[in-house]
There are 2 protein chains.
Amino acid sequence: MEYTVVVRMNEKLFLRDPEGSELGRRIVRQGIQLMAEIGFEEMTFRKLADRIGTKESSIYRYFENKHRLLVYLVAWYWQWLEYQVLFQTNNLTDSREKLERILKLLLLKDLSQLHVSTAVDDMDIPALHSIVIQEASKAYLTHHVTEDNREQLFKPYKDLCSRIAGIILEYRPGYPYARSRASSLIETAHYQAFFMQHLPALTDFGVESPGRIESKDPLLTFLRHLLFSSLDTARF
Amino acid sequence: MEYTVVVRMNEKLFLRDPEGSELGRRIVRQGIQLMAEIGFEEMTFRKLADRIGTKESSIYRYFENKHRLLVYLVAWYWQWLEYQVLFQTNNLTDSREKLERILKLLLLKDLSQLHVSTAVDDMDIPALHSIVIQEASKAYLTHHVTEDNREQLFKPYKDLCSRIAGIILEYRPGYPYARSRASSLIETAHYQAFFMQHLPALTDFGVESPGRIESKDPLLTFLRHLLFSSLDTARF
DNA sequence: GCAAGAATGATAGTTTTACTATCAGTTAAG
DNA sequence: CTTAACTGATAGTAAAACTATCATTCTTGC
């Protein structure tokens with residue numbers, strides 16, 4: 001039985017499929033660790049090679065450059081997330097409940113409930129999530145977005161948005177901003193998480209610490225409020 | 001009569017005040033043009049120096065590095081924008097109208113109504129705006145946010161958020177997410193503008209072209225909807 | 001008007017990144 | 001067991017990201 005449906009990646013995302021060899025898998029796995037640790041700009045293929053015990057040139061055989069590795073990692077995450085959304089909402093009839101699940105998934109809550117693919121590919125999902133929060137926008141905020149887009153590099157993100165937009169329309173048929181609502185939901189979830197951690201003055205929530213009693217997960221509450229207030233508002 | 005109140009910048013943002021010399025001003029003005037043209041990652045101090053007709057080393061006397069120049073430009077923009085918000089909402093009594101003005105300012109609508117500081121400092125505001133859309137998040141999405149934040153580099157952004165949050169609270173006293181609402185409003189305005197231009201599949205609006213009749217400025221309409229639906233929703 | 005000090009220009013250098021090329025050795029597949 | 005694919009090892013280039021030095025020019029205070 002195969003569970004690797006998730007990881008069928010677009011060929012344009014790499015030079016040689018990293019999932020097709022031991023070295024490739026280590027590049028991806030250790031790449032995630034290293035990028036999560038020191039950040040995108042501080043990371044170099046040399047450092048990654050040293051960490052893995054290989055050479056720069058070997059990494060270049062898999063990925064054209066560091067930016068493409070980033071694009072690959074976030075694309076992987078979006079595909080994984082879309083799969084989780086699909087899996088976790090499939091059995092639900094209530095579309096509000098579906099949206100609730102999506103909110104939790106965006107914040108990576110209830111990891112225990114997640115589908116096996118995490119374990120199967122042994123990708124470090126929480127590390128990937130923190131990369132997505134800190135670095136994902138650098139994947140598209142470039143001068144060459146248009147060409148990258150033409151190569152379908154952002155398809156997984158678009159697919160995820162489409163799926164969420166579909167569920168939004170299920171909840172509120174005729175809502176005229178389903179796609180924008182979906183993309184802004186995703187983005188808001190991520191940079192509010194970033195602000196909460198690093199620039200709390202830009203939010204109304206302190207850093208989450210286990211000891212804090214008050215509202216548990218105020219970010220989730222905020223996102224829920226934002227989403228449903230816009231969807232439950234007067235008809236269009 | 002001095003109108004330069006806006007441009008009193010934090011000393012930590014530069015090594016030598018660029019507004020204090022002709023060369024400094026050219027570094028900033030031409031820096032804006034170059035960064036808007038080729039993007040942050042493609043820009044180098046060498047290219048900027050060549051364009052200005054000076055030397056790399058001279059630019060380094062003003063800014064520690066390229067990232068600090070970006071932070072400076074973005075900070076300048078936030079300060080300018082906060083001033084515009086202050087100026088344009090000062091005479092208004094209706095707080096809803098204030099928020100409407102803020103929405104337009106975020107999208108740089110009605111440039112004609114803007115206050116003189118634009119002309120006085122002859123900064124290319126539309127170019128700066130496009131830099132803010134494409135590059136601003138790179139100012140804080142780094143591994144050294146915390147140190148940069150400690151040096152108050154993001155104070156202008158925080159101040160702008162605070163001001164908007166204040167107006168939100170004026171409109172809806174007791175709203176518990178004023179700061180997050182303000183920061184997410186700003187961010188949403190910018191990346192939806194980016195998506196609209198470069199990744200339209202992530203939005204519900206096509207690229208704006210003068211010939212298009214339909215809903216004029218759907219992004220403004222969307223932002224207005226998002227903002228007021230959240231503020232006009234049931235009490236907290 | 002001139003001397004002291006600040007800013008700039010010109011030149012040159014270092015280290016690191018980003019990438020390419022080559023070839024020998026090792027592994028895997030038919 | 002042979003051929004093709006992959007990896008390792010070494011080497012190299014071009015450009016980026018700085019730093020240093022010193023002569024020159026430009027101010028500004030006296």
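Per chain, numbering begins at 1; letters A, B, ... match sequence-line order.
Shown for residues 34-46 of chain B: no residue has heavy atoms falling under 4.0 angstrom of DNA chain C.
With rounding to whole Å, B/E64 atom CD is found 11 Å from D/dC18 atom C1'. When rounded to the nearest whole Å, the span between CD1 of B/I59 and P of D/dT19 equals 14 Å. Rounded to whole Å, the distance from CZ on B/F63 to C1' on D/dA17 is 17 Å. For the pair A/Y60 OH and C/dT20 P, the interatomic distance rounds to 7 Å; values are reported in whole Å. Here the P atom of nucleotide D/dA17 and the CG atom of B/L48 are 12 Å apart, to the nearest Å. Per the geometry, CZ belonging to A/R68 stands 15 Å off C1' belonging to C/dA18, to the nearest Å. The NZ atom of A/K66 sits 15 Å away from the C1' atom of D/dA15 (whole-angstrom rounding). Here the P atom of nucleotide C/dT8 and the CD1 atom of B/I52 are 11 Å apart, to the nearest Å.
Residue pairs meeting the salt bridge (Lys or Arg N to Asp or Glu O under 4.0 Å) criterion with at least one member in residues 137-151 of chain B, sequence neighbours excluded, are B/E41-B/K138, B/R68-B/D148, B/R68-B/E151, B/E135-B/K138. Pairs engaging residues 186-201 of chain A under the salt bridge (Lys or Arg N to Asp or Glu O under 4.0 Å) rule: none recorded [sequence neighbours left out]. Pairs of residues two or more places apart, or lying in two chains, that qualify as ring pair (Phe, Tyr, Trp, His ring centres under 6.0 Å) and include a residue from residues 13-46 of chain B are B/F45-B/Y60. Sorted by first then second residue, the salt bridge (Lys or Arg N to Asp or Glu O under 4.0 Å) pairs that include residues 70-90 of chain A, not counting sequence neighbours, are A/E82-A/R163.
In this structure, A/Y77 has its ring center closer than 6.0 angstrom to the ring center of A/W80.
Using the six-membered ring where Trp is involved, A/F205 and A/F222 have ring planes that are tilted, between 30° and 60° apart.
Take A/F154 and apply the ring pair (Phe, Tyr, Trp, His ring centres under 6.0 Å) test, not counting sequence neighbours, and it matches no residue. Every residue meeting the ring pair (Phe, Tyr, Trp, His ring centres under 6.0 Å) condition with B/H67, not counting sequence neighbours, appears here in chain and number order: B/H144. In this view, A/E11 satisfies the salt bridge (Lys or Arg N to Asp or Glu O under 4.0 Å) rule with no residue, not counting sequence neighbours. For A/F195, the ring pair (Phe, Tyr, Trp, His ring centres under 6.0 Å) partners are A/Y191, B/Y140, not counting sequence neighbours. Looking at residues two or more places apart in sequence or on another chain, you find a ring pair (Phe, Tyr, Trp, His ring centres under 6.0 Å) between B/Y157 and B/W78.
Each end of the helix from C/dG1-D/dC30 to C/dG30-D/dC1 yields a helix axis from five base pairs, and these two axes differ in direction by 30° (to the nearest 10 degrees).
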Restricting to nitrogen or oxygen on both sides, can you table the protein-nucleotides 5-11 of chain D pairs closer than 3.5 Å?
unit_1: D/dT7; atom_1: OP1; unit_2: A/Y62; atom_2: OH; d: 3.1
unit_1: D/dT7; atom_1: OP2; unit_2: A/R16; atom_2: NH1; d: 3.1
unit_1: D/dT7; atom_1: OP2; unit_2: A/Y62; atom_2: OH; d: 2.8
unit_1: D/dG8; atom_1: OP2; unit_2: A/T54; atom_2: OG1; d: 2.4
unit_1: D/dG8; atom_1: OP2; unit_2: A/S58; atom_2: OG; d: 3.4
unit_1: D/dG8; atom_1: N7; unit_2: A/R61; atom_2: NH1; d: 3.4
unit_1: D/dG8; atom_1: O6; unit_2: A/R61; atom_2: NH2; d: 2.7

